[in-house]
Amino acid sequence: MFYDSHRIIVMAVAPAESIASLSNDLFYDILRRLDGLTLACAACTCTSFCSISKEEILWENVCSSMWPSTNREDVKILISFIGGFRKFYADCFPLIVMKEVGEYQWNRYHEYPDDWTEAEYYGDMNELESISPSDFVSIVDIKFKEKPICSKVLWGIPNANGYNGWFYNCPFRIDLLSCADRDDNNDGVVTLSVSDGLPPITSMEREKKDGKLWRELRDGLLLSWIIVNKKIKQSANLASWSPLDGQRHWPTDKDFVFRFGSVLSAKDVLPSQVVQCIFIMKFRVVHTEQEGVQTTLRSTELSMQLEDMEGAHVNGRKSLLILKKALSCRRSTNYSEVLESCLAYSKMQNMLKEEKIRNESRIDTICILSSIVAVMTFWYYVL
């Protein structure tokens, strides 16, 4: 990769006649070896690179390397339909950044749902009628130490049709492992073993002390969850690639839970104006070296849900509106900006919890004092 990039830089500063003497086949051979970001930068160096970099096959190779699920024929057709691989990469490689978290409206958020109008509670019904759960496609890829371990595609949103509106009024949630793809021949279980790069674990007692397996999972797991809307021909990666946080799951210590996600705009949908899109990935240790077999982990959950500032799950009706808005959100290739927006959301969420605790404490104090006054008044008149 360094060698190819070095050649590009040399040719970019070389005399024009030197570049012109090189064939387009050589240019193409150079560009096809580059990753997406380097390819985009190379397109800005000269007109020849700019012209060749528009070739769809180059971007198809880039997407195939980054998201193995795009190798599927049905996904290739979908990507071509929504604008091609070059546009798909430009939409899905940068991650969503919500810098307006600090503009969260405190006063309005404390209004009770009973005080909302029907339009405020249910959102824009005209806009909702234009959104169908079947318009959404989930393209999911999991990697461990850059090695693909799972690729899945989910057409539509499960259980969104029927049940007399059950989906629209209940908490929105997609559990990918329980949604068997009709084209898949497996049961959806994802496994990790020593052959995938896991360190051998002799016993869980030892792992609790040194935490080697925990660190390897935290640093090695990568998640991409791309949402595509076929109707409006837009797509976005809602996951954070690397875990935002994680923990051992009590009480067995054999379960590892990791949270990925992003902050999405909920403007004109929820009073809080922002929500968090959360992806939960769980792995359970099923074998250790102590049992005479190599260390093996099995996935037990890979889910997606939306939560508001109070930690309440967003219902299906509002989730569809939020997901549609997310496809046109601001994005950035700077991962630190993504983390900053998530940290700002967590900070604001903690501030809200602290304020609620203080308010509840004040109410409790008032109730206690009122009770004391009432009792003293009663005995005053009785005696």
Side-chain angles (χ1 to χ4, degrees), residues 35-41 44 59 62-63 66-67 82-83 86-106 109 136 138-143 172 174 218-219 221-229 232-246 258-281 304-311 314 318-352:
D35 61 84
L37 277 180
T38 310
L39 178 58
C41 292
C44 302
W59 293 102
V62 169
C63 291
M66 176 159 280
W67 302 293
I82 64 175
R86 186 184 181 194
K87 178 180 182 296
F88 183 80
Y89 181 86
D91 288 342
C92 301
F93 177 75
L95 299 179
I96 291 177
V97 175
M98 184 57 56
K99 294 186 176 181
E100 294 79 10
V101 175
E103 299 176 6
Y104 165 72
Q105 300 179 23
W106 288 89
Y109 190 66
F136 292 91
S138 294
I139 301 175
V140 183
D141 289 282
I142 306 175
K143 293 183 178 181
F172 172 84
I174 297 177
R218 180 196 61 194
D219 298 337
L221 282 172
L222 298 174
L223 172 66
S224 170
W225 191 307
I226 295 172
I227 290 289
V228 180
N229 188 297
I232 61 178
K233 298 183 179 181
Q234 290 182 325
S235 56
N237 190 352
L238 303 186
S240 53
W241 275 114
S242 298
L244 297 175
D245 57 59
F258 298 93
R259 287 165 56 100
F260 303 75
S262 56
V263 181
L264 307 180
S265 171
K267 187 176 181 181
D268 302 324
V269 180
L270 290 173
S272 63
Q273 306 293 299
V274 289
V275 299
Q276 189 169 32
C277 183
I278 300 173
F279 301 92
I280 303 294
M281 185 187 298
M304 167 189 178
Q305 60 194 34
L306 301 181
E307 292 185 358
D308 64 14
M309 276 285 184
E310 291 189 326
V314 182
K318 296 178 182 178
S319 294
L320 291 182
L321 294 171
I322 293 171
L323 290 178
K324 182 180 178 181
K325 290 179 180 293
L327 300 180
S328 56
C329 280
R330 180 187 304 165
R331 300 164 210 195
S332 174
T333 58
N334 187 346
Y335 188 68
S336 62
E337 290 186 347
V338 178
L339 291 179
E340 286 175 7
S341 66
C342 293
L343 290 174
Y345 184 92
S346 298
K347 181 179 179 181
M348 196 68 69
Q349 196 173 42
N350 290 333
M351 290 173 62
L352 175 62

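What you see is a predicted model, and the numbers here were worked out from it, not measured in a lab.
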- Message: Could you tell me if the side chain of Arg330 sits less than 4.5 Å from the side chain of Glu337, heavy atoms only?
- Response: no
- Note, Leu244 side chain near Leu339 side chain (heavy atom, < 4.5 Å): yes
- Note on the structure: Between the CH2 atom in Trp241 and the CG atom in Leu95, the distance rounded to the nearest 0.5 Å is 8.0 Å
- Query: Under 4.5 Å between any side-chain heavy atoms of Leu222 and Ser242, yes or no?
  - Reply: yes
- Item | Closest approach of Val314 to Asp308 (non-hydrogen atoms, all atoms of both residues) | CG2-N, 4.1 Å
- Query: Parallel under 30°, tilted from 30 to 60°, perpendicular over 60°: which one fits the rings of Phe279 and Trp225?
  - Reply: tilted
- Close side-chain approach of Val140 to Leu223, heavy-atom, < 4.5 Å: yes
- Lys267 to Lys325 - nearest heavy-atom pair and separation: O-CE, 3.2 Å
- Task: Could you walk me through whether Leu238 and Leu323 pass the side chain to side chain contact (heavy atoms under 4.5 Å, CB included) test, one step at a time?
- Result: CA-CA 9 Å; Leu238 303 186; Leu323 290 178; 3.7 Å; yes
- Message: Could you tell me if the side chain of Val97 sits less than 4.5 Å from the side chain of Glu340, heavy atoms only?
- Response: no
- Item | Atom of Phe260, atom of Met281 and distance for their closest heavy-atom approach | CE1-CE, 3.8 Å
- Message: Walk me through whether Leu270 and Ile322 qualify under side chain to side chain contact (heavy atoms under 4.5 Å, CB included).
- Response: CA-CA 9 Å; Leu270 290 173; Ile322 293 171; 4.2 Å; yes
- Task: In sequence, state the C-alpha distance, the side-chain angles, and the governing distance for Val275 and Lys318, and then conclude on side chain to side chain contact (heavy atoms under 4.5 Å, CB included).
- Result: CA-CA 11 Å; Val275 299; Lys318 296 178 182 178; over 6 Å; no
- Message: Using a 3.5 Å distance criterion without hydrogens, assess whether the side chain of Ser262 forms a donor-acceptor pair with backbone atoms of Ser240.
- Response: no
- Query: Is the closest side-chain heavy-atom distance between Tyr89 and Leu39 below 4.5 Å?
  - Reply: no
- Task: Identify the residue among Trp59, Trp67, Phe93 that makes a ring pair (Phe, Tyr, Trp, His ring centres under 6.0 Å) with Phe88.
- Result: Trp67
- CA sep, side-chain torsions, deciding dist, call: Arg331, Asp91, side chain to side chain contact (heavy atoms under 4.5 Å, CB included): CA-CA 8 Å; Arg331 300 164 210 195; Asp91 288 342; 3.5 Å; yes
- Query: Given side chains that start at C-beta, do those of Ile280 and Arg259 come closer than 4.5 Å, heavy atoms only?
  - Reply: yes
- Task: Kindly give the heavy-atom pair with the smallest separation between Ser235 and Cys92, and that separation in Å.
- Result: OG-SG, 3.3 Å
- Note on the structure: Between Lys87 and Lys233 the two heavy atoms that sit nearest each other are NZ-O, 3.2 Å
- Item | Heavy-atom closest contact (Met98 atom, Cys329 atom, distance) | CE-SG, 4.0 Å
- How far does CD1 of Ile226 sit from SG of Cys63, to the nearest 0.5 angstrom? 8.0 Å
- Quick one: does Arg218's side chain have a donor or acceptor within less than 3.5 Å of a partner on Pro243's backbone? no
- Query: When rounded to the nearest 0.5 angstrom, what distance separates CE in Met304 from OG in Ser319?
  - Reply: 7.5 Å
- Message: Are Ile227 and Ser138 packed together at the side-chain level, in the sense that at least one heavy-atom pair is separated by less than 4.5 angstrom?
- Response: yes
